[in-house]
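Only one structure is covered here, and it is reproduced in the block below.
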Amino acid sequence: MARSTLPPEMLALIAHRLRALAEPARLGILNQLRTGERSVTELVEVTGLGQANVSKHLQILLGAGFVRRRKEGVHSYYRLADHDVFRVCDIMCGRLEAEAGARRKLLRSS
């Protein structure tokens with residue numbers, strides 16, 4: 001979907017979603033959800049974050065559409081809405097690797 005320009009409303013939506021990803025703790029939570037649905041308690045255990053912190057980050061990810069929630073009694077379970085978020089991560093990792101390679105090459109030549 002290549003466009004020459006994007007309308008301001010679309011830019012605002014994109015910025016909202018990117019802000020949700022601009023936090024290492026939220027990326028860590030998403031990474032943990034790659035393997036499947038997890039409860040808040042499980043996410044607290046695997047991330048080392050506090051329960052209130054995990055819940056806050058999950059609300060942001062939910063609001064941005066990156067995760068889905070299922071409630072069962074008093075427990076909430078979260079899963080990825082889809083795996084497309086990792087396409088963004090793959091692009092960024094590719095850029096970081098290319099930049100690191102260019103720096104290594106520059107250092108070797110000096």
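Since this is a predicted model, take the numbers as computed values, not measurements.
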Handout entry: Min side-chain heavy-atom separation I29-V67 under 4.5 Å
Key = no
Problem - Distance (rounded to the nearest 0.5 Å) between E37 CD and L43 CG - result: 10.0 Å
Problem - Side-chain touch L61/L30, heavy atoms, less than 4.5 angstrom - result: yes
Problem - Stacked cation flag R34 on F86, 6.0 angstrom / 45 deg - result: yes
Handout entry: Candidate pair K71 and S76, rule side chain to side chain contact (heavy atoms under 4.5 Å, CB included), full reasoning
Key = CA-CA 4 Å; K71 290 190 173 197; S76 292; 3.7 Å; yes
Completion exercise
One should read off an interatomic distance between L33 CG and R38 CZ, to the nearest 0.5 angstrom, of 7.5 Å
Problem - Over-ring placement of R17 relative to F66, 6.0 Å and 45° cut-offs - result: yes
Practice task
Identify the heavy atoms of N53 and L49 that sit nearest to each other, and give their distance.
Solution key: ND2-CD2, 3.9 Å
Problem - SG on C93 to CD1 on I91, rounded to 0.5 Å - result: 10.5 Å
Handout entry: Under 3.5 Å side-chain donor-acceptor pair for T41 and E45
Key = no
Exercise for the section: Please lay out, stage by stage, how R26 and L21 fare under the test side chain to side chain contact (heavy atoms under 4.5 Å, CB included). Expected result: CA-CA 6 Å; R26 288 193 282 272; L21 295 177; over 6 Å; no
Handout entry: L80 reachable from V88 in the ILVMFWY side-chain graph, under 4.5 Å edges
Key = yes
Problem - NE2-CG distance between H83 and D90, expressed to the nearest 0.5 angstrom - result: 11.5 Å
Exercise for the section: Treating Ile, Leu, Val, Met, Phe, Trp and Tyr as nodes and any side-chain heavy-atom pair under 4.5 angstrom as an edge, say whether L11 and L18 lie in one connected cluster. Expected result: yes
Exercise for the section: Check whether V44 and L62 end up in the same hydrophobic cluster, where Ile, Leu, Val, Met, Phe, Trp and Tyr are linked by side-chain heavy atoms less than 4.5 Å apart. Expected result: yes
Exercise for the section: Side-chain contact test, heavy atoms from C-beta onward, threshold under 4.5 Å: evaluate it for Q51 versus V40 and give yes or no. Expected result: yes
Practice task
Look up atom CZ in R69 and atom OH in Y78, then write down how far apart they are to the nearest 0.5 Å.
Solution key: 4.5 Å
Handout entry: Carboxylate-amine/guanidinium proximity below 4.0 Å for R95 and E97
Key = no
Practice task
Write down the atom of G65, the atom of A81, and the distance for their closest heavy-atom approach.
Solution key: O-CB, 3.2 Å
Fill in the blank from the handout: Output for pair (H57 NE2, L27 CG), nearest 0.5 Å, gives 10.5 Å
Problem - Side-chain heavy-atom pair I14, L6 within 4.5 angstrom cut-off - result: yes
Practice task
Would you indicate whether the side-chain heavy atoms of H16 and R19 approach each other to under 4.5 Å?
Solution key: yes
Practice task
Say whether V46 and Y77 are linked into one hydrophobic cluster, either directly or through other cluster members, by side-chain heavy-atom distances under 4.5 angstrom.
Solution key: no
